[in-house]
Amino acid sequence: MSGTDVAGSAALATRGRGNPESEAAAPAEGTEVMTYREALRLALREEMTRDERVFVMGEEVGVFDGAYKVTAGLMDEFGEDRVRDTPIAEEGFVGAGVGAAMLGERPVVEIMTINFLLVAMDQVINHAAKIGAMFGGEVRCPLVIRTPNGAGNQLTAQHSQSFDGWFAGTPGLKVVSPATPADAKGLLKAAIRDDDPVLVIENLPIYKQRGEVPLDPDYVTPIGLAQVLREGSDVTLVTHSYATVRALATAERLQADHGVSAEVVDLRSLRPLDVETVAASVAKTNHAVCVEEGWPSYGVTAELAARIQHACFDDLDAPVERVGMAEVPLPYAKNLELRAMPNDERIAGAVLATLGLARKDR
Amino acid sequence: MSGTDVAGSAALATRGRGNPESEAAAPAEGTEVMTYREALRLALREEMTRDERVFVMGEEVGVFDGAYKVTAGLMDEFGEDRVRDTPIAEEGFVGAGVGAAMLGERPVVEIMTINFLLVAMDQVINHAAKIGAMFGGEVRCPLVIRTPNGAGNQLTAQHSQSFDGWFAGTPGLKVVSPATPADAKGLLKAAIRDDDPVLVIENLPIYKQRGEVPLDPDYVTPIGLAQVLREGSDVTLVTHSYATVRALATAERLQADHGVSAEVVDLRSLRPLDVETVAASVAKTNHAVCVEEGWPSYGVTAELAARIQHACFDDLDAPVERVGMAEVPLPYAKNLELRAMPNDERIAGAVLATLGLARKDR
Amino acid sequence: MPATATKPTATREDAGPVAKLAPDTRRELYETMILSRVFETEAERQYKAARIGGYCHLSSGQEATTVGVVDALQPDDLLVTGYRSHGFALARGTSPEAVMAELFGREDGCAHGRGGSMHILDVANGYYGGWGIVAGQLPVATGLALALVRQGKPHAVVCELGDGAVNMGAWHESLNLAALWKLPIVFLVVNNEYGMGTSVSRASAEPELWRRASAYRMHGERVDGDDLDAVHEAADRLLRAAREDRTPAVLEAMTYRYRGHSVADAGLAYRTKNEIAERQQRDPLVRVREQLRADGVSDEELDAIDARADERVEAAVAFASASAEPDVAQLAAGMHAAGSAEQFARMRPGSPFGELALTFDAGLGS
Amino acid sequence: MPATATKPTATREDAGPVAKLAPDTRRELYETMILSRVFETEAERQYKAARIGGYCHLSSGQEATTVGVVDALQPDDLLVTGYRSHGFALARGTSPEAVMAELFGREDGCAHGRGGSMHILDVANGYYGGWGIVAGQLPVATGLALALVRQGKPHAVVCELGDGAVNMGAWHESLNLAALWKLPIVFLVVNNEYGMGTSVSRASAEPELWRRASAYRMHGERVDGDDLDAVHEAADRLLRAAREDRTPAVLEAMTYRYRGHSVADAGLAYRTKNEIAERQQRDPLVRVREQLRADGVSDEELDAIDARADERVEAAVAFASASAEPDVAQLAAGMHAAGSAEQFARMRPGSPFGELALTFDAGLGS
Ligand SMILES: Cc1ncc(C[n+]2csc(CCOP(=O)(O)OP(=O)(O)O)c2C)c(N)n1
Ligand SMILES: Cc1ncc(C[n+]2csc(CCOP(=O)(O)OP(=O)(O)O)c2C)c(N)n1
Ligand SMILES: [Mg+2]
Ligand SMILES: [Mg+2]
């Protein structure tokens, strides 16, 4: 379970905050190239240094250095009280985070992967998300939950899921999902500083991706703001999390192989959702393909398509396309897994179909 | 908690299987007028009589006659073994249902309301739904979970939710949601006879609605088949569960007040989703308004809008509209609750807006 | 490797006679008990007159437990409960006005009409709700206790739950965390013999619920929940230990609810009228009244206390009736912290019909 | 009301010397133990050669527990485990070929390549998986036991879990149901001292895990999990009671895992090399080997057994390598029962890109 990273997620945007420099160039002033994992750790260290109330809690975050090593070294630096190993009891310690937050602490709860959040669902949805409104604003719950979604590496049906849309559809929560190291830092910090419960959805394959990360300890990425990571004129790829990485790679390939100019909008936040930026892009390109790592039916791309068709009805030259995980519990065998997961080919296929450059037969 | 029914859900389709007779008329041959609750009970009784393997399990289903009285009298009739009261332990007894089903039993597990399914999420999503595929088809899980969704009656934030789309978005599950007494019987029976895990989403306000129910003990409503409950030519209302009841009433009002002819498509199944019937209707009316009881963002209507815009791109004269619960944890005060819940006025407003008969300003 | 013996978990097998409450204290507590009874009797009446809605769970019969435990709290201690919460709020010092206005769904309610009967709270008095999911409040309360420790505060938490709640997984996870981390918390199990219609022995394989504390090497004990002095003594002692030694504990109080599970339940499908009548003979209010008489309080004084409770509840109803309904233009109020409206501003395009007015322009953390 | 005393939950404080296994049985069990060890050593090698993927959890060091318990099962008894499952399958009689082919993700694997290391199963031999969510298998196993009772069958279930899993809510709910309903199930807690990197005493407020059974008035006991005879005796006795009297029980087996939590974990961040080495000195395989020698089995015979294990594992690798990859046109195979394709037929319009080929035309319950 520990430290396994998904192999082979080759291409990556070092572009961080959208800087188009080549990978070879020196990092921009005030930034450093680091992994997504390191950027998260930097955010935690900075916020723990800044604010005594911030503490980290979860399975294996301390002695073990974190199942995916995000919290490595933090227990040595901040002690057992502020980097708190827990028993395997997600419902219990997520709830403990809720309670601590109600008393003004700033707990950052790590859930090893989003799959295990299912056992704590009641605390997230029926407790954390309800507090502000249900108690008439009398008490707040500044809780952060961090957890990776995603598949790959043959983790099979129970360990390869992305429930992003369930949380994004829950009023009372905020949900962010960084796709770059810079945003990993910026959004985690924004989440910690926010006075509401925020779910930070990380991603297994991205942990080792590298990119420029601003070193300014007050660098935060605003919640609710999407970002155009690549400009284009023919089609808009609307993505978050690892789908953003895929989309950037596919966009290059579409340009090279088909002369198609794809714009990539990285959502960064799922709730609030920045429909404005998405709609502006689609108004320009007249075509949209939404991509997610999870199952598309009733998923994130459903909401995206619903919003886009409404906001851009007169702009669209073709229906909004969606690409995601095949709608099966993810099988173990490598060939089946590869077949089931969204990939560049399938994204490109959807783009070409929506542009009328390929058969619509899918 | 017990036996409270939502007051005031006045209008109802006695139309059952779509029979357009007036309420005064004698019931059609081979049918009897009964409540939705009674129709569910009839289905349980028939299936328990037909098949020894069927048993009912849940909190208060026996001695207490069921929190909403669906199982009233069944313990007397079938004994404590087949109508099994449980401790308050949803994760435990949903899982026990999973295990019993794997050994060929036909458990029908009652969850008092869908809100409490959150504590059993892991057993539903990461166990029941995975079994068929993850074990390569070596074992099946013919489990039925019945539970009402819905709001009204001031049950407040923790007790007024509809997570329908979360389950409908989970490969490996089937999800049905009857809106009429006839389908309450027909779909519950279909679920019990199905060899896969099926979630039957009932609804609090509908329990006391009356309608014609076929008495044939082999009457089942096929899973995956929507039904046109009202024909119309100007706009299609796509609905399930209590939204169907609302839509039928709104349709009458739209006809009377605005001369608008609305078609109502009751989905009945959410997974599989009968997009074919929906698309055929929209191809005719060129307008669609999707309605749900839950929060629309990332909800059921998101998927509906996404499907419709794709399947009916050339047919649509206006964007697909969506109506649902205001995106807040449902507040207690009656005036706030009424304001937050979807209602006929809001549905009519969406219809008029999509038809260009009202300001789009929402 | 045969199992090694450990010292048995401490239990109060028989702690001998209990220290008596001082007469003045007992009188004060009686005032609160009768206030709670009168308040809830009135709440049921108002419910039936449709001025209160939702689920409404009464605690009539359980007042000695409620009031005895809450009185053992220090001003800065914290309280968390399930949904059977009116009495707890009143005992903690929340005004009957604020509670009744909440039941009426009015702006002056303690949750501004947003929470209703199940979600009473009073942060100023350390009452952190009022929760509706069985056992869901336990992890939350455990987190409050953790925060007290992190903040170096010498206070403790009481977390109330019912006999039915002890079979939920959240009980197990919370007690383990509390014991493992040595948190200052007392889990008060109000054993009123039933969870809805299910008796304890039909729900719990160990029906002596206090014994379950031993699974966490935690102290557990059982007390007659209808004996105000005994409840107070036990709660005081366990809270003291929690504050001073950070030792969590389970206190099981044996009591009975007279009314149905909620106002909508007649409460007779699973028990007999006789059973209820028999228990009402041992009404804790009558018991305390007699003790007060023995303390030398006159019948006139007692009647005056009762009359005062009637008056306070009447005033609460008048207050609640006069309080304004919440403003529907503030539908989203409280949901998000200040500044959130700006974060949500870019979500407007393509919104579901009505959403703009209902959420974005309705007090969304602006 | 001071708490009344109940008879203490039965525990095996010291049951005296354990009945010895017959030499033939011990030899058979040794064969399985060495097979498991060799199999997993090879699995790790194949993992590192990238022929096996995903999470791969080895049980090296725990063989006496695995094999001793499984041998106590009758043919029609049922078995459920967590993800550390290879040894259980082999002990239950699943062929090394079927397990290795599963690890290789091949069609001839026991789950046809769909499940991998965590989801081994063998329904014909009563092995109902191989589950990956900590403690998630407990409610499922409880349901299997319930089904046995409903079907009037005189069999029992063994449900394996780890020391870390006892802190999950699912443990509590399952044990309560099993005890309340008198289900024929033995919960086998494999205490290998760590849940990932967390030692038992850092996770469980009652580190003598068997004692937790008493919270359900259930029998609990602890056994030296590296003593094959003792494990077998205890499992046999508890299973007999489960079958004959429908009394559930907890059996805690004290053992140790030599390798990391999974193949990806070096296993040294939370324990020392010394600790591991010290435990390897008491290797259960060596122990049984010595007992067999005392039983009169010659070194040649023992070496032959070991060689046979090597051969069987080699054959399993050869088999797995030769087995076909699953057909990608059958991506959705197994997900739904026969007849489901018809139910899903009307879902096609407007499907996400690729969905038709990936699901609807890929073996969806047709
Ligand atoms: C998880 C969950 N399941 C079911 C319910 C419905 N429910 C509300 S109260 C209750 C009974 C609780 O009994 P107990 O814990 O004894 O408390 P009491 O009502 O007697 O005070 C039930 C089943 C719920 N609110 N939450
Ligand atoms: C609910 C849940 N939380 C976390 C995990 C990740 N995880 C997998 S195994 C494991 C440790 C389990 O330890 P233990 O129960 O002692 O079993 P062992 O691995 O030692 O056999 C953890 C935390 C999980 N699979 N499920
Ligand atoms: Mg109770
Ligand atoms: Mg372990």
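Treat the numbers as computed from the prediction; the structure is a model and nothing was measured. So that the names make sense, note that chain A is the first sequence line, chain B the second, and so on, each numbered from 1.
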For the residue pair [X] and [Y], what are the closest heavy atoms and their distance?
{"X": "C:G197", "Y": "B:V63", "result": "O-CG1, 4.4 Å"}
{"X": "B:I88", "Y": "C:V134", "result": "CG2-CG1, 3.9 Å"}
{"X": "B:L336", "Y": "C:P326", "result": "CD1-CB, 3.6 Å"}
{"X": "B:A353", "Y": "C:F353", "result": "CB-CE1, 3.8 Å"}
{"X": "B:F64", "Y": "C:Y270", "result": "CE1-CE2, 3.4 Å"}
{"X": "C:L331", "Y": "B:V328", "result": "O-CG1, 4.0 Å"}

- Based on non-hydrogen pairs under 4.5 Å, which of B:A326, B:P296, B:G299, B:G92 is most in contact with chain C?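 Option with the greatest count: B:A326.
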Looking only at B:V119, B:D85, B:L118, B:V323, the option with the highest number of non-hydrogen pairs under 4.5 Å against chain C is B:D85
Contact winner vs chain B - [options], heavy-atom pairs under 4.5 Å:
{"options": "C:A269, C:G136, C:G116, C:G195", "value": "C:G116"}
{"options": "C:Q330, C:R202, C:M347", "value": "C:R202"}
{"options": "C:G53, C:A203, C:G109", "value": "C:G53"}

Engaged part of [X] at the chain B interface, taking heavy atoms whose separation is under 4.5 Å:
{"X": "C:H336", "value": "neither"}
{"X": "C:L364", "value": "neither"}
{"X": "C:F104", "value": "backbone"}
{"X": "C:M335", "value": "side chain"}
{"X": "C:T359", "value": "side chain"}
{"X": "C:W131", "value": "both"}

Would you find more than 12 non-hydrogen atoms of other residues, nucleotides or ligands less than 6.0 Å from B:E77 atom CD?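 More than 12 heavy atoms, drawn from other residues, nucleotides or ligands, come within 6.0 Å of this atom.
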Next on the checklist: Taking CD in C:E325 as the centre, count heavy atoms belonging to other residues, nucleotides or ligands within less than 6.0 Å. Is the count above 12?
Outcome noted: yes
Whatever's closer than 4.5 Å to a heavy atom in chain C on B:E91 counts as neither
When the 4.5 angstrom heavy-atom criterion is applied to B:V320 and chain C, the contacting part is neither
Take B:R346 and C:L358 through the test side chain to side chain contact (heavy atoms under 4.5 Å, CB included) and record every step on the way to the result.
CA-CA 11 Å; B:R346 202 128 50 84; C:L358 291 170; 3.3 Å; yes
Review point. Can a donor-acceptor pair be found between the side chains of C:T198 and B:E60 at a distance below 3.5 Å?
Key: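 Judged by distance alone, the side chains do pair up.
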Nearest-0.5 Å distance that lies between atom [atom1] in [X] and atom [atom2] in [Y]:
{"X": "C:I52", "Y": "B:K334", "atom1": "CD1", "atom2": "NZ", "result": "14.0 Å"}
{"X": "C:E355", "Y": "B:W295", "atom1": "CD", "atom2": "CH2", "result": "11.5 Å"}
{"X": "B:Q154", "Y": "C:C56", "atom1": "CD", "atom2": "SG", "result": "11.0 Å"}

Pair C:Y55 + B:H159: ring centers closer than 6.0 Å: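 Yes, the ring centres sit under 6.0 Å apart.
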Quiz item: Any donor and acceptor pair, going by atom type alone, linking the side chain of B:Y332 with main-chain N or O of C:L103 inside 3.5 Å?
Solution: yes
Note to self: Run the side chain to side chain contact (heavy atoms under 4.5 Å, CB included) test on B:M112 and C:M196 for me, step by step, so that the C-alpha distance in whole Å, both residues' side-chain angles and the decisive distance to 0.1 Å come before the verdict.
What the structure shows: CA-CA 12 Å; B:M112 213 175 273; C:M196 290 188 73; 3.5 Å; yes
If you apply the rule side chain to side chain contact (heavy atoms under 4.5 Å, CB included), what do you find for B:Q158 with C:M118, and how did you get there?
CA-CA 10 Å; B:Q158 295 189 310; C:M118 294 190 289; over 6 Å; no
